[in-house]
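Here the structure is laid out as structure tokens; the discussion comes afterwards.
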Amino acid sequence: MTPTEGPSPTGSDVGRAQQPEAGAEPVGEGRTAEEQATTGGEGFQASGEDLPGGGRRGDTVAAVVRQWRAVHPGLDTGPMEIIGRINRCAALLQQAEDAPLRRAGLSRPEFDLLGALRRTGHELTPGDLARETFSSGAAVTKRLKQLTERGLVERRGDTRDRRVVHLRLTDAGRDLVDAILPVQLAYETAVLSGVDGPEQGELAALLGELLSQLEGRLGVLRA
């Protein structure tokens with residue numbers, strides 16, 4: 001899961017190009033995983049001839065880059081082609097993946113908190129959750145209040161320090177996470193069906209290297 005809060009990388013104007021209007025039907029909603037696998041998911045198909053930067057004529061970012069090159073032909077738009085595409089992919093993926101969360105009455109940040117409690121397998125403090133989800137303490141406190149009222153998360157006071165609170169999933173919270181996760185993974189599998197297995201591994205490795213570098217540099221700046 002991508003972090004729900006944090007610094008916006010350079011080139012975000014490219015990533016936001018031609019964003020769907022509020023209230024528009026999310027990408028891929030209402031389609032089965034099998035239908036999405038046939039096309040790679042609506043909104044993710046590229047068409048037309050290849051471009052030198054690795055995009056295609058149907059690639060939104062490629063069109064934006066061509067426009068910037070016409071305005072400033074001397075500028076190196078290479079970083080924009082990478083960061084802009086990452087932002088654009090993230091926006092499209094989040095728009096579609098939020099569909100099962102909305103049906104469950106959850107927001108993406110709320111599910112991130114539930115997911116952190118589920119995957120770590122042990123109790124966490126609000127501070128732990130803030131670090132795990134890259135969120136502010138105030139935002140985590142607000143979300144935990146809502147999740148606790150819904151009976152998905154329960155609190156336990158620390159026996160040695162009354163200021164410390166430990167949090168864990170209830171049975172209902174665990175069941176909800178376990179029910180939603182396969183739906184998300186099925187969608188992600190469908191989206192990536194147009195990318196060969198070895199290429200998926202290469203892409204994952206490259207993104208992992210970039211993320212590691214960004215977490216090291218931008219994480220220090222955020223602290």
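The figures here come from the full heavy-atom set of this structure, side chains too, leaving out hydrogens, waters and symmetry mates.
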Quick one: does Asp128's side chain get under 4.5 Å of Thr120's, heavy atoms only?
-> no

Going by heavy atoms in the side chains, are His122 and Leu124 under 4.5 Å from each other?
-> yes

Indicate the atoms forming the closest heavy-atom contact of Val61 with Met80, along with that distance.
-> CG1-O, 4.1 Å

Which residue pairs pass the side chain to side chain donor-acceptor pair (under 3.5 Å) test with at least one member in residues 171-183, sequence neighbours excluded?
-> Arg118-Asp178, Asp171-Arg174

Please name the residue in the list Val153, Leu114, Leu113, Leu129 that meets the side chain to side chain contact (heavy atoms under 4.5 Å, CB included) test with Arg143.
-> Leu113

Below 4.0 angstrom, N of the basic side chain to O of the carboxylate: do Arg85 and Asp59 qualify?
-> yes

Heavy atoms, side chains only, cut-off 4.5 Å: are Thr77 and His72 in contact?
-> no

If every non-hydrogen atom of Gly151 is compared with every non-hydrogen atom of Thr170, which pair is closest and at what distance?
-> O-OG1, 2.6 Å

Sort and list the pairs that fulfil salt bridge (Lys or Arg N to Asp or Glu O under 4.0 Å) and have at least one residue in residues 190-213, not counting sequence neighbours.
-> none

Sorted by chain and number, sequence neighbours left out, salt bridge (charged side-chain N to carboxylate O under 4.0 Å, His left out) with Glu110 holds for none

Where do Ala190 and Ser193 come nearest, in terms of heavy atoms and distance?
-> O-OG, 2.7 Å

Heavy-atom check, side chain of Asp112 versus side chain of Arg108, under 4.5 Å = yes

Quick one: are Val177 and Leu117 in side-chain contact, heavy atoms under 4.5 Å?
-> no

